[in-house]
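Contents: one structure, followed by commentary.
Chain identifiers are assigned alphabetically (A, B, ...) following the order of the sequence lines, protein sequences preceding nucleic acid strands; residue numbering begins at 1 within each chain.
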Number of protein chains: 2
Amino acid sequence: MNWSTIPSLAALRAFEAAARHQNLSAAARELNVTHAAIAQHVRALEQEFGESLLVREGRGVAPTDAGRQLAAGLAEGFGQIGEVVAELRQRGAERPVTISVTPGFAAGWLMPRIGAFWAAHPDVQISISPATTVIDLRRDGFDVAVRYGDGNWPGLSVELLTRADYTALAHPDLIAGRRVTCLDDLLDLPWLLDTQVMERRRTIEREGVDLDQVKVTMLNTNELALSAAVSGLGVTFQPRSLVERELKSGQLVALCALQEQGVGYHIVTVPGRTSAQLDTFLKWLRAQKPQSVSASE
Amino acid sequence: MNWSTIPSLAALRAFEAAARHQNLSAAARELNVTHAAIAQHVRALEQEFGESLLVREGRGVAPTDAGRQLAAGLAEGFGQIGEVVAELRQRGAERPVTISVTPGFAAGWLMPRIGAFWAAHPDVQISISPATTVIDLRRDGFDVAVRYGDGNWPGLSVELLTRADYTALAHPDLIAGRRVTCLDDLLDLPWLLDTQVMERRRTIEREGVDLDQVKVTMLNTNELALSAAVSGLGVTFQPRSLVERELKSGQLVALCALQEQGVGYHIVTVPGRTSAQLDTFLKWLRAQKPQSVSASE
DNA sequence: TTCAATATGTAAGTTAAGATTATAGATATG
DNA sequence: CATATCTATAATCTTAACTTACATATTGAA
């Protein structure tokens with residue numbers, strides 16, 4: 001389509017309203033402008049087409065033949081546009097808040113808390129997608145992600161939710177009678193590591209431990225590692241904020257904290273993308289932050 | 001339709017083009033703007049809907065699901081609008097130049113000349129509508145009228161075409177041997193007047209003639225009066241500019257001129273309404289003006 | 001008939017939407 | 001791996017669109 005041959009859309013819209021109401025003032029009210037604005041647009045169109053479109057008729061106006069023809073076509077066109085816009089808004093309102101999280105965060109942090117949210121906001125639909133790969137919030141259409149890292153994701157709006165506080169953990173029976181103050185006290189126990197998260201290995205090695213000198217049991221996923229630790233099969237390393245349930249129930253005990261590198265779990269959103277439902281969820285999420293970020297309960 | 005819930009039409013158009021081309025720069029070229037303008041519009045829409053519509057994809061962009069849906073609807077809507085605008089333009093281009101004239105002017109002035117115009121501009125369609133009632137140029141959709149009067153028609157663009165030069169006329173045989181210098185020399189001859197044009201009676205009476213003292217023959221139309229005069233049945237009063245043909249051929253001779261009241265035939269157009277065809281016709285019409293308006297050939 | 005209410009018409013001035021400019025960073029292609 | 005071609009975005013500018021203000025026209029009721 002050659003848009004240069006088409007007059008201003010605002011003028012066409014103004015004319016359509018005027019022709020429909022047969023009344024410039026009514027059209028002006030509909031479009032929230034003054035009657036003068038409508039009159040100007042109509043004049044401009046008539047100039048453009050070299051033909052009268054509206055003629056004054058007593059108190060009001062009446063479309064000419066050409067005007068009637070134009071108005072009918074415009075009504076249909078603008079109607080179509082209005083419809084698809086309304087559909088999109090509808091779709092947006094109905095769409096659940098989509099959240100991307102790691103499986104570990106979902107199981108260890110979000111699931112223990114989300115029940116309270118559901119109870120408080122039964123009207124807000126939530127869709128939680130656990131995924132190990134880093135997704136592109138924009139491309140994949142997620143409203144919010146909780147990401148582990150240092151908070152440096154350019155182009156996104158980032159906010160620390162909770163520090164990771166990587167900690168060595170084990171079943172109480174496994175360490176019965178031991179005094180554990182640092183990793184060196186655990187070198188003779190089996191260490192449970194997953195094959196996927198390299199970050200974890202690096203965190204441990206930063207403590208000065210040579211993993212080759214430890215009896216390491218590799219497990220396919222971190223969930224398995226955690227599960228094995230609960231079963232008393234060895235020592236696991238998890239963000240303390242994700243194992244609060246196990247600590248509270250006594251399934252695991254914290255043995256020693258690993259060095260923090262200023263990393264943690266962050267709320268990541270696309271700047272400018274917002275909705276009522278999303279705002280509700282984000283507000284709740286922020287309320288879940290520990291009082292002081294450095295202190296875990 | 002509630003327009004306040006619909007984002008800017010310019011933004012929607014920009015987005016539609018971008019989604020269609022999957023390329024902001026191409027969309028910008030289509031709309032004759034810079035790519036930055038397109039990018040801003042798309043950003044504004046995404047903000048408005050709280051949802052991504054386009055995601056960057058290598059060199060170019062790709063619509064998201066929501067974007068695809070929106071773009072499809074917009075394409076249809078804008079297409080409709082483009083179509084009806086094109087139709088109207090087409091109709092305008094094909095529409096003949098419509099001219100409103102009095103029957104007398106048509107027969108006595110326009111018809112003798114219009115052949116030359118047709119020959120010179122075979123591509124310009126002309127529609128001549130003779131009518132005795134004064135039409136509303138705007139309402140009735142005429143491009144141009146030739147009106148008799150003093151040129152005072154507010155809201156219209158007026159230009160003198162030729163003076164009327166009302167003249168008493170008769171067949172040469174009727175006045176054979178007479179010396180006629182003023183109306184008084186004609187009082188014993190039958191005067192041919194039509195029943196319609198009151199203006200003509202007033203023009204005659206301004207000369208100081210009491211029509212009750214003259215043998216007046218009433219005819220239904222001015223054309224009949226003229227025709228009767230050519231047949232030698234009496235004296236007729238016509239604008240000299242409309243009987244040039246009869247004068248030249250000797251069917252009538254001019255007897256004496258009546259007082260001019262500054263009236264004449266005017267070219268009347270609607271300001272701002274123009275087209276190539278209309279311009280061609282108006283140019284030709286102006287070229288038909290007598291060299292000096294006061295002197296008739 | 002006159003008055004009040006409600007229209008349209010248009011010139012002049014203001015505002016904000018839309019566009020450009022400029023700069024930076026990404027990604028194909030030869 | 002340089003070059004051409006994209007997108008992204010902030011800052012600035014331009015002008016289409018709008019408002020204000022006043023004039024004129026129509027309608028209906030006092």
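Residue contacts shown for B:Ala36 include a base, since a base heavy atom lies under 4.0 Å away.
Checking C:dG18, D:dT7, D:dC18 against the side-chain heavy atoms of B:Val61 singles out D:dT7 as nearest.
Between A:Ile38 atom CD1 and D:dA16 atom P the separation is 18 Å, expressed in whole Å. Atom C1' of nucleotide C:dT27 and atom CD of B:Glu57 are separated by 12 Å, given to the nearest angstrom. Distance, B:Leu53 CG to D:dT7 C1': 16 Å, rounded to whole Å. Regarding A:Gln40, its CD atom lies at a distance of 12 Å from the P atom of C:dA12, rounded to whole Å. Taking atom CG of A:Leu9 as the reference point, atom P of C:dA17 lies 17 Å away to the nearest angstrom. One atom, NE2 of B:His41, and another, P of D:dT7, lie 15 Å apart when rounded to the nearest Å. A:Phe15 has its CZ atom 14 Å from the P atom of C:dT8, to the nearest Å. Whole-Å rounding puts the A:Arg13 CZ to D:dA16 P distance at 17 Å.
Checked by atom type, the side-chain pair B:Gln90/B:Glu94 shows a donor-acceptor distance below 3.5 Å. For the residue pair B:Arg95 / B:Gln125, no side-chain donor-acceptor distance below 3.5 Å is found, with atom types taken as modelled. Looking at A:Ser157 and A:Thr269, their side chains do bring a donor and an acceptor atom within 3.5 Å of each other. There is a side-chain donor-acceptor pair under 3.5 Å between B:Asn222 and B:Arg200.
For A:Asp65, the salt bridge (Lys or Arg N to Asp or Glu O under 4.0 Å) partners two or more places apart in sequence, or in a different chain, are A:Arg68.
Considering only side-chain N and O atoms, A:Ser8 lies under 4.0 angstrom from the phosphate OP1 or OP2 of D:dA17. Side-chain N/O atoms of B:Thr34 include none lying less than 4.0 angstrom from OP1 or OP2 on C:dA19. Phosphate proximity of C:dT10 to A:Arg43: present, with a side-chain N or O under 4.0 Å from OP1 or OP2. For the pair A:Ser25 and C:dT6, the criterion of a side-chain N or O lying under 4.0 Å from OP1 or OP2 is not met. Within the 4.0 Å cut-off from OP1 or OP2 of D:dT7, at least one side-chain nitrogen or oxygen of B:Asn23 is found.
Aromatic stacking is marked for A:His35 over C:dT8, as both cut-offs hold: 5.5 Å for the centres and 30° for the planes.
The base of C:dA7 does not come close enough to the side chain of A:Arg59 for any donor and acceptor atom to sit less than 3.5 Å apart.
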